[in-house]
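Take a look at the structure set out below.
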Amino acid sequence: NMANNPSRLYKEVWIGLGGTQSAVYATEVSAEEFLQADAWEECRRALAAGGIMIPCEKDADSLICGAKNGDIVRLPADKLCAWQGQRQVVRIGEAPLAAACFCKATDDILLISEKGQALRTHVSDLYKRVDIGGGLTKGMRMKTGTDDRLCCCLVYQPKRSLIAISQQRKLLVLRVDSKEKAQIRAQGHVGKGVCLVHVEGSDRLAEVLYTDQAVLLLSDSGYAQCRDVSVLREKGRRAKGIEGMKRGQIIRAVCAKVK
């Protein structure tokens with residue numbers, strides 16, 4: 001099949017009918033199978049215990065894992081794909097993992113904290129472990145005297161709009177950094193970073209993501225709301241967000257499409 005969809009993770013199945021007709025189908029786990037099938041029980045338990053789930057990007061050669069205290073590690077993607085059984089992937093010590101992303105050696109990544117700080121670093125500057133099971137190294141430094149923690153880790157895409165959503169329902173669409181001089185400057189893998197979003201008082205970032213159309217906001221009170229971000233005014237870094245939804249505290253946000 002020469003028309004693989006890079007945004008989906010699936011296996012291909014070829015079906016032929018007596019030589020008269022054949023086709024290639026994409027197969028992926030349905031929501032019903034994931035929630036009910038015994039084969040996914042370990043994965044469900046891991047997510048319920050605070051685990052994270054991320055898409056495996058095509059051609060990725062590394063997995064970056066970040067702990068809540070800002071420490072990070074770069075793991076080989078090929079060893080993870082071949083990994084089977086129960087084995088510790090990262091030695092995290094006392095700081096649980098907060099975020100992870102698959103990437104390539106030529107990428108830059110953003111480490112973003114709950115209080116709106118962002119650190120850009122070249123993936124190639126991070127030491128790549130030869131195997132899984134290694135420990136974390138020093139990464140993003142949180143501001144002294146705060147209870148700030150790492151929120152997310154993602155590949156930096158300056159020509160796309162970055163969306164920031166806070167727990168107290170604030171939504172901010174950041175201006176595209178199309179010109180190189182306007183982009184977040186790479187500072188190495190150790191540092192405090194720069195102010196990406198102005199987060200007030202006790203508020204914290206719940207999610208930061210790239211989306212071209214819409215974002216689905218999920219609250220702790222069971223409410224959900226889809227916001228079309230393409231119609232919202234873009235703002236520069238260090239800006240405050242607007243109200244994203246009316247009720248509850250936002251616990252998650254995911255990309256969505258507007259029909």
Side-chain angles (χ1 to χ4, degrees), residues 6-8 52-55 57 64 66 98-103 107-121 140 143 148-187 192-221 223-259:
S7 65
R8 291 169 56 197
I52 54 178
M53 181 180 289
I54 56 173
E57 302 295 339
I64 307 296
C101 70
F102 279 97
C103 56
D107 289 332
D108 285 2
I109 60 168
L110 284 181
L111 299 171
I112 303 174
S113 77
E114 292 180 345
K115 300 301 287 186
Q117 294 294 116
L119 177 68
R120 176 186 175 186
T121 183
M140 187 174 186
K143 282 189 174 181
D148 198 7
R149 298 178 299 184
L150 185 67
C151 171
C152 65
C153 169
L154 70 167
V155 175
Y156 184 43
Q157 303 176 57
K159 295 184 179 180
R160 297 184 65 192
S161 292
L162 191 62
I163 316 299
I165 304 100
S166 78
Q167 294 177 357
Q168 296 180 12
R169 306 184 302 278
K170 295 297 183 181
L171 173 63
L172 177 66
V173 181
L174 289 164
R175 190 175 297 121
V176 174
D177 295 334
S178 55
K179 296 182 179 179
E180 186 174 351
K181 65 180 182 180
Q183 296 176 10
I184 298 173
R185 184 170 59 88
Q187 300 181 23
K192 295 181 180 179
V194 298
C195 181
L196 182 71
V197 182
H198 181 75
V199 181
E200 295 183 301
S202 61
D203 198 6
R204 295 176 177 273
L205 289 181
E207 200 82 47
V208 181
L209 49 82
Y210 288 104
T211 180
D212 299 318
Q213 293 188 17
V215 61
L216 180 64
L217 308 176
L218 308 172
S219 77
D220 59 353
S221 56
Y223 287 91
Q225 183 173 350
C226 187
R227 293 295 302 266
D228 183 354
V229 298
S230 64
V231 300
L232 299 179
R233 180 184 175 185
E234 295 182 347
K235 296 184 179 181
R237 294 196 292 271
R238 300 180 294 277
K240 300 178 183 179
I242 62 172
E243 188 173 61
M245 64 187 303
K246 296 289 185 182
R247 301 178 179 178
Q249 182 170 321
I250 294 178
I251 57 174
R252 189 70 196 276
V254 294
C255 298
K257 292 184 177 181
V258 179
K259 292 186 178 181

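Residue numbers start at 1 and run along the sequence shown. Quick caveat, the model's predicted, so the values are computed rather than measured.
- For K159, the salt bridge (charged side-chain N to carboxylate O under 4.0 Å, His left out) test picks out no residue, with sequence neighbours left out.
- Residues in residues 162-171 take part in no salt bridge (Lys or Arg N to Asp or Glu O under 4.0 Å) pair, two or more places apart or across chains.
- Here the shortest heavy-atom pairing between L217 and M245 reads CB-SD, 3.7 Å.
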Residue pair I163, L171: steps toward the side chain to side chain contact (heavy atoms under 4.5 Å, CB included) verdict
CA-CA 7 Å; I163 316 299; L171 173 63; 3.5 Å; yes
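- Contact between L172 and G241 at its shortest, heavy atoms only, is CB-CA, 3.9 Å.
- For T211, the side chain to side chain donor-acceptor pair (under 3.5 Å) criterion is met by no residue, not counting sequence neighbours.
- Contacts classified as salt bridge (Lys or Arg N to Asp or Glu O under 4.0 Å) and involving residues 207-220 (residues at least two apart or in different chains) are given here: R160-D212, E207-R252.
- Contact detail for C101 and C153: the closest heavy-atom pair is SG-SG, 3.3 Å.
- Taking the salt bridge (charged side-chain N to carboxylate O under 4.0 Å, His left out) definition, one finds that R238 meets it with nothing, sequence neighbours left out.
- When the salt bridge (charged side-chain N to carboxylate O under 4.0 Å, His left out) test is applied to D177, the partners found at least two apart in sequence or on another chain are R237.
- Listed by chain and number, the residues in a side chain to side chain donor-acceptor pair (under 3.5 Å) with Y223 are R247 (sequence neighbours excluded).
- Under the rule for a side chain to side chain contact (heavy atoms under 4.5 Å, CB included), the partners of A100 that lie at least two apart in sequence or sit in another chain are I52, I54, L63, C65.
- In terms of the salt bridge (charged side-chain N to carboxylate O under 4.0 Å, His left out) criterion, residue partners of R149 (sequence neighbours excluded) are, by chain and number, E114.
- Shown here are the side chain to side chain donor-acceptor pair (under 3.5 Å) partners of R227, two or more places apart in sequence or in another chain: there are none.
- Using a distance-only test at 3.5 Å, with no hydrogens or angles considered, a donor-acceptor pair links the side chain of D148 to the main chain of K115.
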Donor-acceptor contacts, no H, no angles, side chain residues 195-202, under 3.5 Å, sequence neighbours left out:
from : atom 1 : to   : atom 2 : distance (Å)
E200 : OE2    : K240 : NZ     : 3.1
S202 : OG     : Q168 : NE2    : 3.2

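- Residues that satisfy the side chain to side chain donor-acceptor pair (under 3.5 Å) test with Q213, not counting sequence neighbours, are absent from this structure.
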